[in-house]
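Heads up: the structure comes next, in structure tokens.
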2 protein chains.
Amino acid sequence: MAQTLHNFHFEDLLTRHHLKKTAPRLRVLSMMSSRNTATSQPDLESVMNDIDRVTLYRILSAFEEKGIIHKVFDLNGTANYALCTSNCDEGHHHDEHLHFNCTNCKNVYCLNDMQLPAINLPAGFEPQAFTLYASGLCPKCSKKAVK
Amino acid sequence: MAQTLHNFHFEDLLTRHHLKKTAPRLRVLSMMSSRNTATSQPDLESVMNDIDRVTLYRILSAFEEKGIIHKVFDLNGTANYALCTSNCDEGHHHDEHLHFNCTNCKNVYCLNDMQLPAINLPAGFEPQAFTLYASGLCPKCSKKAVK
DNA sequence: GTTTAAACGCAACAATATTACAATTAACTA
DNA sequence: TAGTTAATTGTAATATTGTTGCGTTTAAAC
Ligand SMILES: [Mn+2]
Ligand SMILES: [Mn+2]
Ligand SMILES: [Zn+2]
Ligand SMILES: [Zn+2]
């Protein structure tokens with residue numbers, strides 16, 4: 001996480017997905033990759049406050065469609081966005097990892113390594129995707145709590 | 001589900017939680033208990049369109065605080081509400097069951113019997129609650145799909 | 001350099017949610 | 001049973017989040 005990705009990586013990413021390289025898009029990618037947690041819509045909006053809100057929404061939905069980022073709602077129903085690390089395809093994500101929502105700092109962590117256990121459902125239900133959330137204290141906040 | 005609950009049950013419920021028995025509250029309880037799926041905020045609002053929106057929000061948050069209902073966001077981030085069946089306490093829910101969101105009819109099902117498997121997290125994370133969602137086709141919609 | 005589809009910015013609007021305060025009423029008490 | 005009061009409701013104003021339509025700009029292709 002917080003791996004040092006350079007601008008040409010993002011430019012590459014955009015080209016591969018047939019998206020024009022534009023300043024707003026590169027900024028969104030750069031911001032997201034600089035964090036080790038997902039970024040909430042309000043955060044995005046305040047940091048990118050010189051980019052039009054509509055443009056931001058369009059960038060986010062384009063990225064999501066292309067499989068570049070995924071959207072996850074936190075416990076308060078707020079949208080959070082994070083880069084996909086699991087080679088998601090256009091229109092087909094497979095980010096079935098655990099999301100951890102800290103009740104203290106509100107951050108949403110993508111725990112990419114945590115695979116979901118097998119779940120079986122009552123007869124009749126035909127599941128296509130699973131999402132697992134955990135909430136509680138993240139490492140930083142649990143340390144503070146000990147003090 | 002869709003168990004025939006009578007008005008005096010709800011009145012009882014309200015008294016037990018030190019909530020005044022009012023028409024809007026009884027109607028919300030009655031509506032929710034008549035369904036076997038969670039009720040979305042838009043649904044609630046349109047069915048209860050003669051109750052003020054603010055009142056509705058206040059009823060919902062009061063019920064949630066008291067452990068009478070629980071709130072679950074569907075895949076689109078829309079709030080859905082369902083009665084608690086797991087003896088939730090004031091300020092402390094334990095509705096850790098699976099929620100199934102049908103991609104066709106959009107209904108949210110509380111699968112109260114499905115317990116979550118044990119999940120272990122990376123070091124440092126201190127989970128307090130888990131939430132598991134599945135999406136796909138519900139029994140009704142999967143039947144239709146076969147035709 | 002020209003062309004053009006894609007992307008952006010702006011304005012208007014829709015949906016969801018919250019806050020402040022005045023009016024009403026369910027529940028308690030005398 | 002009437003009177004009192006805190007809880008609840010209604011109303012208005014505002015905030016936040018998200019969408020749509022349309023004119024302008026620009027990255028990319030030729
Ligand atoms: Mn994630
Ligand atoms: Mn439920
Ligand atoms: Zn935290
Ligand atoms: Zn269905």
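All values reported here derive from a predicted model rather than from experimental measurement.
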Legend entry - Value rounded to 0.5 Å, distance of CG in N107(A) from OG1 in T37(A): 4.0 Å
Legend entry - N76(A) side chain vs T78(A) backbone, donor-acceptor pair below 3.5 Å: no
Inset, instruction - Specify the separation, in whole Å, of atom CG of L26(A) and atom P of dC8(C). - result: 10 Å
Legend entry - Angle of first-five versus last-five pair axes in the helix from dG1(C)-dC30(D) to dA30(C)-dT1(D), to 10 degrees: 30°
Inset, instruction - For the pair H70(B) and H93(B), name the ring-plane relationship: parallel under 30°, tilted 30 to 60°, perpendicular over 60°. - result: perpendicular
Legend entry - Aromatic ring pairing Y133(A)/Y133(B), orientation class (parallel under 30°, perpendicular over 60°, tilted between): perpendicular
Inset, instruction - Using modelled atom types only, decide if a donor and an acceptor are shared between the side chain of T55(B) and the backbone of I51(B) within a distance under 3.5 Å. - result: no
Inset, instruction - Taking only Lys NZ, Arg NE, NH1 and NH2, and the carboxylate oxygens of Asp or Glu, determine whether D95(B) and K71(B) approach each other closer than 4.0 Å. - result: no
Inset, instruction - Would you tell me if any nitrogen or oxygen in the side chain of T22(A) comes within less than 4.0 Å of OP1 or OP2 on dA7(C)? - result: no
Inset, instruction - State whether the side chain of S142(A) and the backbone N or O of G124(B) hold a donor-acceptor pair below 3.5 Å, judged by distance alone. - result: yes
Legend entry - Side-chain donor/acceptor of N101(A) to backbone N/O of G136(A), under 3.5 Å: no
Legend entry - Exam field: side chain S30(B) to backbone L26(B), donor-acceptor pair closer than 3.5 Å: no
Inset, instruction - Go through dC8(C), dT25(C), dC10(C) for me and flag the one nearest to the D52(A) side chain. - result: dC10(C)
Inset, instruction - Determine, for nucleotides 14-23 of chain C in 5'-to-3' order, which nucleotides have protein heavy atoms under 4.0 Å from the base (write B), from only the sugar-phosphate (write S), or from neither (write -). - result: --BBBBBB--
Legend entry - K66(A) side chain to E90(A) backbone, donor-acceptor under 3.5 Å: no
Inset, instruction - Map K21(B) and I59(A) onto DNA chain C by nearest heavy atom, then report which one ends up closer to the 5' terminus. - result: I59(A)
Inset, instruction - Send over the distance from L19(A) CG to dA6(C) P, rounded to a whole Å. - result: 11 Å
Inset, instruction - Could you tell me the separation between the CZ atom of R25(B) and the C1' atom of dA26(C), rounded to a whole number of Å? - result: 10 Å
Inset, instruction - Grab the CZ-P distance between R27(A) and dC8(C) for me, whole Å please. - result: 12 Å
Inset, instruction - To the nearest Å, give me how far apart NE2 (H18(A)) and P (dA7(C)) are. - result: 11 Å
Inset, instruction - Could you state the atom-to-atom distance from CD1 of I51(B) to P of dT24(C) in whole Å? - result: 18 Å
Inset, instruction - Please check if the side chain of R53(A) supplies one atom and the backbone of E45(A) the other of a donor-acceptor pair under 3.5 Å. - result: no
Legend entry - chain A footprint on DNA chain D, 5' to 3' - any atom under 4.0 Å from a heavy atom: dT17(D) to dA28(D)
